[in-house]
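Read the structure below first, then the notes.
Please read all numbers here as calculations on a predicted model, not as lab measurements.
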Amino acid sequence: MKDGIHPEKYREVVFRDTASDFSFKCRSCARSNDTTVWEDDGKEYPLVLLGISSASHPFYTGNQVLVD
């Protein structure tokens with residue numbers, strides 16, 4: 001890989017879908033001023049709120065509504 005192109009602050013972040021209250025943890029460089037405690041390990045992580053994710057998107061949930 002090329003040197004100097006990867007973000008410096010690449011860390012574990014919790015993403016929470018506000019539409020379904022679904023949370024998942026992954027590595028990201030997304031910025032956040034909020035934090036939350038992850039229930040599996042009890043550690044505090046940055047929190048990024050999402051308006052929609054695969055847990056609430058109609059395509060993935062099968063709750064699509066067709067409008068004519």
Side-chain angles (χ1 to χ4, degrees):
M1 288 195 241
K2 286 186 175 182
D3 290 332
I5 63 169
H6 300 287
E8 300 267 336
K9 296 190 177 197
Y10 194 67
R11 68 213 186 282
E12 290 188 329
V13 176
V14 173
F15 290 91
R16 181 175 298 143
D17 181 351
T18 57
S20 66
D21 203 35
F22 172 73
S23 298
F24 60 95
K25 181 177 73 167
C26 65
R27 295 182 54 85
S28 175
C29 59
R31 295 181 185 149
S32 176
N33 294 329
D34 298 326
T35 60
T36 188
V37 175
W38 186 245
E39 59 271 358
D40 290 345
D41 60 10
K43 293 182 182 177
E44 190 172 19
Y45 296 99
L47 174 66
V48 176
L49 299 176
L50 303 173
I52 196 164
S53 72
S54 61
S56 62
H57 192 281
F59 179 80
Y60 296 104
T61 62
N63 296 328
Q64 288 182 321
V65 178
L66 297 176
V67 178
D68 287 333

For [X], check side chain to side chain donor-acceptor pair (under 3.5 Å) against everything at least two apart and list the hits.
X     : value
Asp21 : none
Asp40 : Trp38
Thr36 : Arg16

List the atom of Asp17, the atom of Ala19, and the distance in Å for their closest heavy-atom pair.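 Shortest heavy-atom contact: OD1-N, 2.9 Å.
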For Ser32, enumerate each residue passing the side chain to side chain contact (heavy atoms under 4.5 Å, CB included) test, keeping only those at least two apart in sequence or located in another chain.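 Only Asp34, Pro46, Val48 meet the side chain to side chain contact (heavy atoms under 4.5 Å, CB included) criterion with Ser32.
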For Glu12, which residues count as a salt bridge (Lys or Arg N to Asp or Glu O under 4.0 Å) partner, sequence neighbours excluded?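 Result, salt bridge (Lys or Arg N to Asp or Glu O under 4.0 Å) vs Glu12: Lys25.
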Would you say that more than 12 heavy atoms from the other residues, nucleotides or ligands in this model lie under 6.0 Å from the CZ of Arg31, or not?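 No, not enclosed.
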Check: Val14 and Leu47 side chains under 4.5 Å, non-hydrogen atoms: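 Counting from C-beta outward, Leu47 and Val14 do come under 4.5 Å.
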Single-linkage hydrophobic cluster Val37~Val13, side-chain heavy atoms < 4.5 angstrom: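 No, separate clusters.
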Residues passing the ring-ring contact (aromatic ring centres under 6.0 Å, His included) test with Phe15, sequence neighbours excluded, are Phe24
